[in-house]
Amino acid sequence: MLDIKLIRENPEIVRNAIKRKHTNVDLEMILELDKNKRELQTRIEKARSDRNKLSKEITKASVEEKASIISEVEKIKEFLKEAEPRFNDMEKELNYQLLLLPGIPHETVPDGNSDEDSIEIKRVGDIPEFDFEIKDHLEIGKSWFDFYRGAKVAGSRTVYLKGIGALLEQAVLQLALNHLLEKGFTLFSVPQMVKEMAMEGTGFLPRGQEECYFLERDERYLIGTSEVPLVSYHADEIFSAKELPKKYAGFSTCYRREAGAAGKDTKGLYRIHQFQKIEQVVFCINDLEESKKWHYELLNNAEEILQLLELPYRVVIVCAGEMGLPQHFKHDIECYMPGRKNYGETMSCSTMHDFQARRLNIKYREGTDLKYCHTLNNTAIATPRILIPLIEIHQQKDGSIYLPRALRKYMNNREKIERED
RNA sequence: GGAGAGGUGGCCGAGCGGCCGAAGGCAGGCGCCUGCUAAGCGUCUGAGGGGAAACUCUCCGAGGGUUCGAAUCCCUCCCUCUCCGCCA
């Protein structure tokens, strides 16, 4: 959500953001609507003010004066009866339109509309030289990932993780979780069915309707990330400045319809409807330097987890057109996936500025001022996607899989996974 | 699912037709006092919107209604708590 005053006073900033994020919203219509709304508001408030005054006078009025006051109030009420619903409709429409406006990308965010326009800023870790014919994760894990039964029972893009596959999933989750606990994050297990308010407040609705599962009978949405319940956790609350930052780690299953991705990444673990994720969420004060600091800390935490998993990766600055509606600044971390012969996104780190805090009304008190918080989030680990590079990178010539040192204690202390035929 | 109680400012809590945007307390800001700390004294402090300003409107869980006038009365819904039942 953007500040309506910013929109009124600096429409060109908003216009530019709309263009850069390749959004379609009619800003001129919004400005016009806002103007009309305020005009009507002035008239309504004048009428209400008159009515309130007359009502106060009535206590000390004589009997005949009362009759005339009442008839005058009747006239005012008649006007309000007509004008108020009209005003409410305008306000509702305006609020809806405002929900469609994108967050403003930081000026350093590159323009562009596709992955190629994003800027790689670093590569970490070596891509191993395989002196044998490599297998992709499906081949390596053919007995651990059961897509056939997944489809039979739950439809396409669904998988059973079985045996080692399920164990690996738990292991990477544990590793990431412990890493965040060491960094002082508070772990949350969150509701996975939420009200519209939480989806809207975090910016996944009203745009993004197609991407969410909705339980019609109970009017609940399945979350696509624990960011939704975690950020909404503090909706309508006011922190004191010294309580901030809040560092939260959310664990949940995530549900995504992948509506816009028909035919894309149809094979394997890369893009499925349901997965597990630990997410980092930070609430901090409304200060760009401060949120930048936390942004890089979140980014660093994720990188450290990949380093613990001994996976080669690169970090990119995501271009404006590829960013989500709320985001102000965003990095993706991509792991090298030998089976794809390319890097694939495994984590995504975003600064939301006060976009979500405005929608959810999350503030803090600083002296006598109330200010909107900044919110940030980044993946800590998302599985099973992360298993793709994990087993592809660590596959050995003899068919076994090397287990990174940090992961072993979560895998019953084994050093590798033996080939099984 | 059944029965009862309740939802008021950052928090607790009084108010039950106009004098109430709301007593009192806590917390916080400022000032005084104190060798330091604690205590004490005084004082200020709800939020959101419109307007250049004066000023004004809205908000006491949400939405309707009654009334010249609603935190207060009526209806509907939501939520929380207690007891009972059922059950992972």
Side-chain angles (χ1 to χ4, degrees), chain A residues 1-10 30-99 101 189 191-201 215-221 229 232-246 253 283 285-286 354-373:
Chain A
M1 184 81 91
L2 298 177
D3 187 354
I4 184 77
K5 285 187 177 135
L6 172 87
I7 302 170
R8 275 178 212 151
E9 286 159 24
N10 299 293
I30 291 176
L31 289 167
E32 179 71 14
L33 188 57
D34 174 55
K35 196 177 128 232
N36 294 340
K37 192 206 88 175
R38 279 185 294 160
E39 258 168 40
L40 186 58
Q41 180 171 358
T42 307
R43 290 174 59 205
I44 286 175
E45 285 181 4
K46 174 73 173 59
R48 290 210 274 236
S49 170
D50 291 345
R51 181 199 59 194
N52 292 348
K53 273 184 205 118
L54 290 170
S55 289
K56 272 181 191 141
E57 280 169 24
I58 210 163
T59 43
K60 48 198 174 213
S62 66
V63 180
E64 49 273 26
E65 282 170 339
K66 273 184 188 168
S68 92
I69 288 177
I70 289 173
S71 84
E72 209 168 323
V73 169
E74 285 309 322
K75 270 186 264 169
I76 295 174
K77 283 167 79 172
E78 219 163 287
F79 164 71
L80 288 176
K81 209 173 158 188
E82 176 275 324
E84 278 174 338
R86 205 146 49 86
F87 176 79
N88 290 340
D89 287 349
M90 286 167 107
E91 193 167 48
K92 218 183 278 175
E93 174 63 16
L94 181 64
N95 285 341
Y96 178 76
Q97 290 297 328
L98 291 178
L99 289 175
L101 288 174
S189 177
Q192 299 180 8
M193 296 179 286
V194 300
K195 298 182 193 174
E196 185 181 35
M197 148 271 182
M199 297 296 283
E200 193 177 280
L215 305 171
E216 201 164 355
R217 187 177 164 131
D218 299 289
E219 290 191 80
R220 293 292 185 276
Y221 289 84
S232 305
Y233 183 73
H234 285 300
D236 296 315
E237 292 185 18
I238 299 174
F239 298 108
S240 64
K242 35 180 186 286
E243 291 179 81
L244 298 173
K246 293 276 184 196
T253 303
F283 297 80
I285 60 166
N286 197 319
D354 59 11
F355 188 91
Q356 293 178 324
R358 279 181 185 280
R359 290 185 171 217
L360 287 166
N361 191 223
I362 305 172
K363 297 179 189 169
Y364 65 98
R365 203 176 288 280
E366 193 178 69
T368 54
D369 285 357
L370 282 180
K371 293 180 174 170
Y372 288 107
C373 296

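Below, chain A is the first sequence line, B the second, and so on; all start at residue 1.
The side chain of A:Lys5 sits closest to B:rG50 out of B:rG69, B:rG50, B:rC57. In this structure, of B:rG18, B:rA47, B:rC57, it is B:rG18 that holds the atom nearest to the side chain of A:Thr59. Residue A:Arg48 places its side chain closer to B:rC57 than to any other of B:rG48, B:rG10, B:rC57. Residue A:Arg8 places its side chain closer to B:rG51 than to any other of B:rG48, B:rC68, B:rG51. Of the candidates B:rU56, B:rG51, B:rG69, the closest approach to any side-chain atom of A:Arg38 belongs to B:rG51. Distance from the side chain of A:Leu370 is smallest for B:rA47 among the nucleotides B:rG18, B:rC57, B:rA47.
Only the P atoms considered, B:rC11 is 28 Å distant from B:rC77, to the nearest whole Å.
Taking a pair to require two hydrogen-bonding distances under 3.5 Å in either a Watson-Crick or a G-U wobble arrangement, B:rU45 pairs with B:rA27.
Looking at A:Glu237, its side chain has no donor and acceptor atom pair within 3.5 Å of the base of B:rG10.
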| Under the salt bridge (Lys or Arg N to Asp or Glu O under 4.0 Å) criterion, do A:Lys53 and A:Glu72 qualify, and how do the steps go? | CA-CA 12 Å; A:Lys53 273 184 205 118; A:Glu72 209 168 323; over 6 Å; no
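At whole-Å resolution of the value, CD1 in A:Ile58 and P in B:rC68 are 8 Å apart. Going from atom CD1 of A:Ile362 over to atom P of B:rG10 covers 15 Å, rounded to whole Å.
A:Lys195 comes within contact range of no nucleotide atom at all, as no heavy-atom separation falls under 4.0 Å. A:Lys77 comes within 4.0 angstrom of sugar-phosphate atoms only, judged by non-hydrogen atoms across all strands, and of no base.
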